[in-house]
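Both counts, for ligands and for their atoms, begin at 1 and track the order of listing. Computation of the quantities below employed the complete heavy-atom set of this structure, encompassing side-chain atoms and omitting hydrogens, waters and symmetry-equivalent molecules.
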Amino acid sequence: MNVNREPALRLQGIVKTFPGVRALDGVDFEVMPGEVHALLGENGAGKSTLMKVLAGMYQPDEGQIIIAGQKVRMTTPIEAKAQGVILIHQELSLVPEMSAAENIYLGELPRKSLGRVDWKTLEARSNAILKRLRCNFRAEVTVANLSIANQQMVEIARALTVDARVVIFDEPTASLTDAEKVVLFDIINDLKAQGVGIVYISHRMDEIFTLSDRITVLRDGGYRGTLNTADTNEDEVTRLMIGRSLDLSRDEAAREFGKTMLDVRNLTCPGLFENVSFSVRAGEVVGFYGLVGAGRTEIAETLFGLRKPTSGEILVDGETVEIGSPRAAIAMGISLVPENRKEQGLVLQMNCRDNMTLPQVQDLTAGPFLSQGAELAIFDQYRDRLAIKTPSWRQSAGVLSGGNQQKIVIGKWLSMQPRVLIVDEPTRGIDVGSKSEIHQLLRELAAQGYAVIVISSEMPEVLRVSDRIVAMYHGRIMREFSIDEVTEDSLVQAISGITSDTAA
Ligand SMILES: Nc1ncnc2c1ncn2[C@@H]1O[C@H](COP(=O)(O)OP(=O)(O)OP(=O)(O)O)[C@@H](O)[C@H]1O
Ligand SMILES: [Mg+2]
């Protein structure tokens, strides 16, 4: 295909510092035409920063960018795009008030001779791209009305408007359903067949090993090496990434469960979930497993006072309760770490410490406000426990790496010391090392007497953390398993709505 094997793009000795952080420390990286090159590293390792250098958003302090044998300087994303380098952001960067079409062609709207926007052409072209992505919405729709997953598809659609040399996907699957993932992987394979170089960033090892030709590992801003995917394995890559192998076993210490902390009976929210009954005891972790859209998040939101059920009963610590608002839920000792942490969990301009102590400052109705010292003590404790990487508590949360932002939100709800802790997709976007720490932390919290609910779409995760697993399908509980009886096959069947033995 490429006879002289000239890279589509090469980075040499890239150094980039921010106040207090050496984000990149002499990193080399190249992408061949038609190659999927995975970029791997812990949260805060420098992956997004390297890609922003590549896409003209950051200027490197040192080092070179070489495209088709030529040294280039790219000082804006527009210049990078003109060179055929396109970055699909980890953080969505759409204008919510505009239509999907306007977002797809942002800055380059097709115009008529008088300079007016050519809406017909814009919408026709955009709809063609959305069709290619098998999206089930039209380009005329306002982005704010789209689900997060569909917004992600709009972000991806942007990359298909130009002849790309290199397309960078920065954690594109974090909010996609399995079906949408399949479409995305098809698109990536199409681009690859056309000779486009792909950079793929993800914390999902399964995706990396399915998609990539080569893997480059960063650690603490340093270059740790490049491997052929076919010649390596997860363990080797993990060791390069975090400096050790991972212990993925469960803590098998015998467990004693306490009294029932949460008892849910025939809870119904029409169209979302129906007749849902389950209970969680102190000391127990109950995993909710199912496909995106099975109703798990909606149940969690109901328990946190964000939705009103039309029928059914909720008992907390043996007493029937009405949970009218999140404030009421918090007062009853129920905490929810939401699925979409960026939107629901974090004030980006606020510093890390204040983000973490926010609900206590705002919602503790009894007693005086926390002192600065107490706030800092809480921050320090959870920074250490969750291995949050930030130069100082004063750093605004918005500039932390994606995964570290998530840890701040998790720390925030843990620091409330709830009796019932609900975590929705707790490790999405979190690197494998911290992921295993968070799993352990959830088990420890249960051992301390908390009742824990973990909602997850990742089977290894529910199998690792749960004492019991509730399998949901289309708003209904299909089956409940104890961890001793569950098998992967039976789980897959239950969440696919299959009751007889016909699973693929
Ligand atoms: N604009 C900025 N100002 C200050 N520090 C920054 C800025 N952007 C990134 N950093 C810091 O640089 C380091 C690398 O961050 P980066 O976002 O590149 O990590 P990442 O590898 O993409 O992590 P993740 O897997 O969590 O997305 C982090 O310590 C981060 O806090
Ligand atoms: Mg990142």
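Below 4.0 Å from some heavy atom of Ser48 lie the following atoms of ligand 1, by number and element: 17 (O), 18 (O), 20 (P), 22 (O). Which parts of ligand 1 touch Tyr58 is read off a 4.0 Å heavy-atom cut-off, strictly below it: atoms 1 (N), 8 (N). Near Thr49, with a cut-off below 4.0 Å to any heavy atom, the atoms of ligand 1 are 9 (C), 14 (C), 15 (O), 16 (P), 18 (O). Less than 4.0 angstrom separates some heavy atom of Glu171 from each of these atoms of ligand 1: 25 (O), 27 (O). Close approach of ligand 1 to Leu400 is summarised as follows: ligand atoms under 4.0 Å from at least one heavy atom of the residue are 31 (O). Within ligand 1, counting atoms from 1 as listed, the ones closer than 4.0 Å to a heavy atom of Asn43 are 23 (O), 24 (P), 25 (O), 26 (O).
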Worksheet entry | CA sep, side-chain torsions, deciding dist, call: Glu30, Arg214, salt bridge (Lys or Arg N to Asp or Glu O under 4.0 Å) | CA-CA 10 Å; Glu30 62 166 30; Arg214 285 194 293 171; 3.1 Å; yes
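Between Gln395 and ligand 1, no N or O atom pair is found at a separation short of 3.5 Å. Looking at ligand 1, you won't find any N or O of Lys389 less than 3.5 Å from one of its N or O atoms. Distances between N or O atoms of Gly44 and those of ligand 1 include at least one value under 3.5 Å. For a threshold of 3.5 Å applied to N or O pairs, the pair formed by Gly46 and ligand 1 contains at least one separation below that value. In terms of polar-atom proximity, defined here as any N/O pair under 3.5 Å, Asn404 makes no such contact with ligand 1.
A salt bridge does not link Arg158 to Glu108: none of the charged side-chain nitrogens sits closer than 4.0 Å to a carboxylate oxygen. Salt bridge absent: Glu437 and Lys407 never bring a charged side-chain N and a carboxylate O closer than 4.0 Å. Under 4.0 Å is where a charged nitrogen must lie from a carboxylate oxygen, and between Asp467 and Arg443 at least one such pair does. Here Lys389 does not pair with Glu42 in a salt bridge; the nearest charged N to carboxylate O distance is not below 4.0 Å.
The shortest heavy-atom distance from Glu42 to ligand 1 is under 4.0 Å. A heavy-atom separation below 4.0 Å is not found between Gln405 and ligand 1. Within the 4.0 Å heavy-atom cutoff, Gly41 does not count among the residues contacting ligand 1. Heavy atoms of Asp431 come nearer than 4.0 angstrom to ligand 1 in no pair at all. A heavy-atom separation below 4.0 Å is found between His203 and ligand 1.
Within the model, atoms CD1 of Ile67 and CD of Gln83 stand 4.5 Å from one another, a figure rounded to the nearest 0.5 Å. Ile198 contributes atom CD1, which lies 10.0 Å from atom CD1 of Ile86 (distance to the nearest 0.5 angstrom). Taking OG1 of Thr427 as the reference point, atom CZ of Arg204 lies at 8.5 Å (rounded to 0.5 Å).
In the displayed structure, Asp163 atom CG is contacted under 6.0 Å by at most 12 heavy atoms of other residues, nucleotides or ligands.
Residue-level proximity to ligand 1 for Val21 is carried by the side chain, the only part with a heavy atom below 4.0 angstrom.
The distance from the Mg ion (ligand 2) to the nearest N/O/S atom of Ser401 is not under 2.8 Å.
The side chain to side chain donor-acceptor pair (under 3.5 Å) test with Asp186 is passed by exactly one of Arg132, Lys181, Arg134: Arg134.
In this structure, Thr142 and Pro96 approach most closely via the heavy-atom pair CG2-O, 3.3 Å.
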